[in-house]
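Taking it in order: structure first as structure tokens, then the write-up.
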Amino acid sequence: EVQMVDSGGGWVQPGRSLRLSCKNSGFTLGDYAVTWFRQATGKGLEWVGFIRSKDYGGTTEYGASVKGRFTISRDDSKNIAYLQMDSLKTEDTAVYYCTRGLGIPGDYFDYWGQGTVVTVSS
Amino acid sequence: DIQMTQSPSSLPASVGDRVTITCRASQTVGTYVNWYRQTPGRPPKLLIYATSNLQSGVPSRFSGSGSGTDFTLSISSLQPEDFATYYCQQSYSTPWTFGQGTKVEIK
């Protein structure tokens with residue numbers, strides 16, 4: 001069964017760091033891009049960024065609100081991807097979802113993690 | 001960035017109704033529009049990809065159409081599990097962006 005499991009959320013003070021993990025099962029993570037989205041309570045969905053598969057260069061792209069603060073990485077040997085979040089702000093408070101995708105035009109997201117909650121507050 | 005604007009924002013409906021949600025892009029997105037359904041506390045579920053392709057396992061009462069800047073999601077006969085929020089999303093150019101959502105509510 002295909003699954004994405006995201007974890008690592010919690011409460012953190014502004015300016016601090018947190019690392020989220022995304023583990024998969026049922027398919028080879030290395031064949032896909034890993035994309036992160038977030039959703040603040042009662043709000044819509046926001047694209048955070050993605051890391052492409054090695055076949056597409058393993059490159060990353062980020063949304064403007066997180067660029068320079070967040071870093072996505074992957075370890076295909078362990079079927080895991082990470083979202084390193086540094087210099088966190090209160091506006092980063094949200095549910096974070098990892099998904100599999102392509103990282104190219106025409107991308108779509110068929111499997112999502114259950115979401116992990118990040119709360120940034122003093 | 002490409003803005004996706006959905007209408008309506010709220011849609012009162014009854015079981016068995018046919019409902020239509022529209023999504024307009026601020027510039028052309030070809031046919032690279034996907035549709036998702038989300039219920040509270042759950043991740044989005046992919047319904048339609050690339051404008052009109054039904055995702056595996058999704059009931060045939062869902063259909064999508066459009067091209068360029070104007071897109072539509074239709075539900076032919078609303079079921080109880082369809083009372084939820086629906087989002088369109090473009091993957092023509094990064095940043096991938098979503099519409100603000102359409103909440104289908106019980107009339």
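In the text below, chain A, chain B and the rest are named by the order of the sequence lines, each starting its count at 1. As a basis for the values below, the full set of heavy atoms in this structure was taken, side chains included, without hydrogen atoms, waters or symmetry mates. Owing to the predicted nature of the structure, the values given are computational and were not obtained by experimental measurement.
Atom CZ of B:R24 has 12 or fewer heavy atoms from other residues, nucleotides or ligands within 6.0 Å. Summarising the local packing, CD of B:Q3 is surrounded by 12 or fewer heavy atoms from other residues, nucleotides or ligands at distances under 6.0 Å. Atom NZ of A:K54 has more than 12 heavy atoms from other residues, nucleotides or ligands within 6.0 Å.
In this structure, chain B has a heavy atom under 4.5 Å from the backbone of A:I104, while its side chain stays farther away. Using a 4.5 Å cut-off between heavy atoms, B:P40 makes no contact with chain A at all. The contact between B:Y87 and chain A is made entirely by side chain atoms (from C-beta outward), counting heavy-atom distances below 4.5 Å. Contact of A:F109 with chain B is made through backbone and side chain together, with heavy-atom distances under 4.5 Å. Residue B:Q90: no heavy atom, backbone or side chain, is found under 4.5 Å from chain A.
Cluster membership check: A:V12 does not share its hydrophobic cluster with A:Y82, using side-chain heavy-atom separations under 4.5 Å among Ile, Leu, Val, Met, Phe, Trp and Tyr. A continuous path of hydrophobic side-chain contacts links A:I51 to A:F27 [ILVMFWY only; heavy atoms under 4.5 Å]. Under a hydrophobic-cluster definition in which Ile, Leu, Val, Met, Phe, Trp and Tyr are linked whenever side-chain heavy atoms come within less than 4.5 Å, directly or via other members, A:Y32 and A:W36 are assigned to the same cluster. Criterion: ILVMFWY side-chain heavy atoms under 4.5 Å apart, direct or through other members. Under it, A:V2 and A:V5 are not part of a common hydrophobic cluster. Cluster membership check: B:V29 shares its hydrophobic cluster with B:I48, using side-chain heavy-atom separations under 4.5 Å among Ile, Leu, Val, Met, Phe, Trp and Tyr.
Contact annotation: the side chain of A:P105 never approaches that of B:Y92 to less than 4.5 Å [non-hydrogen atoms, C-beta and beyond]. Side chains of A:W47 and B:T94 form a contact here, defined as non-hydrogen atoms less than 4.5 Å apart.
A:Y62 places no side-chain N or O within 3.5 Å of a backbone atom of B:P95 that could act as its donor or acceptor partner. Remark: side-chain polar atoms of B:N34 are paired, donor with acceptor, to backbone N or O of A:D107 under 3.5 angstrom.
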Subject >> CA sep, side-chain torsions, deciding dist, call: B:Q89, A:L45, side-chain contact (heavy atoms from CB on, under 4.5 Å) >> reply: CA-CA 9 Å; B:Q89 176 249 324; A:L45 293 154; over 6 Å; no

**OP:** Would you please test A:Q114 and B:R42 for side-chain contact (heavy atoms from CB on, under 4.5 Å) and show each step?
**Re:** CA-CA 7 Å; A:Q114 78 284 0; B:R42 299 288 298 160; 5.5 Å; no

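Between B:Y32 and A:Y108, a ring centre-to-centre spacing not shorter than 6.0 Å is recorded.
To the nearest 0.5 angstrom, B:L47 atom CG is 12.5 Å from A:D110 atom CG.
Contact count versus chain A (heavy atoms, under 4.5 Å) is highest, among B:G101, B:P44, B:G30, B:G99, for B:P44. Interface remark: of the candidates A:G63, A:G44, A:A64, A:G106, A:G106 forms the most heavy-atom pairs closer than 4.5 Å to chain B.
A tilted orientation is assigned to the rings of B:W96 and A:F50, their planes being inclined by 30° to 60°.
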